[in-house]
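To start, the structure under review is shown below, and the notes come after it.
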Amino acid sequence: MRVTSFDQWMVTAKAWALKKHFDGLPKSSDFELKTIELPNLKDGQLLLESVFLSVDPYMRPYSQMEMKEGDIMIGTQVARIVESKNPAFTVGSCVVANGGWRTHFISDGKDLLHLPSGWPESLPKSVALGTIGMPGLSAYFGLLEVCKVKPGDTVLVNAAAGAVGSVVGQIAKIGGCKVVGCAGSDDKVAYLKSIGFDEAFNYKTVASLDEALRKASPDGYDCFFDNVGGEFFSVAVYQMKMFGRIVVCGAVSQYNDTVPQKGTSVHFPMILKQLRMEGFVVTSWYNRREEALKALLKWVVEGKLKFHEHITEGFENMPMAFIGLFKGENLGKAIVKV
């Protein structure tokens with residue numbers, strides 16, 4: 001940011017653009033760093049500076065569906081208000097925004113979300129992108145409203161050490177459920193056990209996924225929170241209990257496929273066990289976002305809901321942090337600190 005006069009700021013923002021649509025696993029060459037000169041503010045506008053930015057697996061399929069080459073990468077951030085000509089927003093305060101991969105941007109305020117009231121000074125504001133943000137909301141509504149878990153249920157969650165899965169398991173434990181999780185490293189399995197999962201295993205090292213699931217819960221599963229899809233789903237669906245519920249929240253095992261996977265037919269278990277399976281997009285529940293964020297914040301403050309962040313330093317490392325998601329490098333929520 002540079003000053004052009006005593007009463008006027010000229011801001012040069014940096015932004016990561018999608019240079020080339022991903023073909024398989026994203027590569028650093030698929031991104032381009034751009035500089036953008038921002039105009040002076042008009043009445044009702046405010047200038048924001050990104051402090052923490054989120055990288056999430058959903059960006060991979062959504063970029064293919066909703067973006068064209070040259071567009072700024074989609075995403076959310078915690079941003080600090082640098083200048084304001086909008087009376088609803090105070091300079092120096094922080095908000096959650098959907099500004100994409102940018103260091104600075106201008107908003108009219110309509111797309112901004114204040115941090116929940118009662119946010120403790122000791123709680124990092126980056127948590128508003130994870131456990132008390134979109135991933136936490138996904139866990140909250142997917143588990144409580146779509147899966148409709150009840151005390152005594154056995155809950156299965158995959159990608160369990162990720163931003164969504166780790167919250168799913170802990171909310172299930174708060175609700176009196178038995179929780180089984182799987183992850184892709186022994187360190188992640190140890191983390192799951194440290195935050196209260198009853199059973200956890202490394203899917204990369206077990207001899208048989210089918211046997212590992214049966215050993216973890218011989219009686220089967222009432223609720224399956226699926227973040228992965230693919231082979232895992234094809235195996236797990238056969239271990240559901242009668243009238244089991246499946247929430248399909250993600251398909252990270254398939255996001256980088258260049259040829260669609262062919263899965264096992266699920267008709268027999270769906271019919272014979274009278275299962276219910278529902279696709280889930282968290283934005284459909286944003287009319288109740290305030291209620292959920294209040295509950296998530298309360299659980300965090302009470303120590304019932306723990307979080308872990310995988311923080312990458314430097315805006316220039318956004319692509320690296322994003323690519324790392326698909327290599328299993330993150331434990332908990334992946335965040336980039338500007």
Hey, can you tell me if [X] and [Y] have their rings parallel, tilted or perpendicular (30° and 60° cut-offs)?
X	Y	result
Trp285	Phe141	parallel
Phe89	His114	parallel
Phe233	Phe224	parallel
Trp16	Phe315	tilted

Return the minimal non-hydrogen interatomic distance between [X] and [Y], and the atom names on each side.
X	Y	answer
Leu293	Gly133	CD2-N, 4.2 Å
Met270	Met277	CE-CB, 3.9 Å
Pro120	Leu297	CD-CD1, 4.0 Å
Ala160	Leu192	O-CD2, 3.2 Å

Exercise. When you check the gap from the basic side-chain N to the acidic O, do Glu211 and Lys215 get nearer than 4.0 Å?
Worked result: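 No, no charged N to carboxylate O under 4.0 Å.
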Problem set entry | Full working for side chain to side chain contact (heavy atoms under 4.5 Å, CB included) between Gln77 and Leu48 | CA-CA 10 Å; Gln77 61 265 92; Leu48 299 108; over 6 Å; no
Exercise. Is there side-chain contact between Phe307 and Ile132, with heavy atoms separated by less than 4.5 Å?
Worked result: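 Answer no - side chains too far apart.
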Heavy-atom neighbours of [X] [atom1] exceed 12 at 6.0 Å:
X	atom1	value
Arg80	CZ	no
Lys27	NZ	yes
Phe268	CZ	no
Tyr238	OH	yes

Exercise. Going through the distances and angles, do Lys333 and Ser54 end up as a side chain to side chain donor-acceptor pair (under 3.5 Å)?
Worked result: CA-CA 8 Å; Lys333 181 69 185 84; Ser54 179; 2.8 Å; yes
Problem set entry | Centroid separation Phe31 to Phe22 less than 6.0 Å |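 Here the rings of Phe22 and Phe31 have centres that are less than 6.0 Å from each other.
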Problem set entry | Trp101 and Phe322 aromatic centres sub-6.0 Å |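 That pair passes the under 6.0 Å test.
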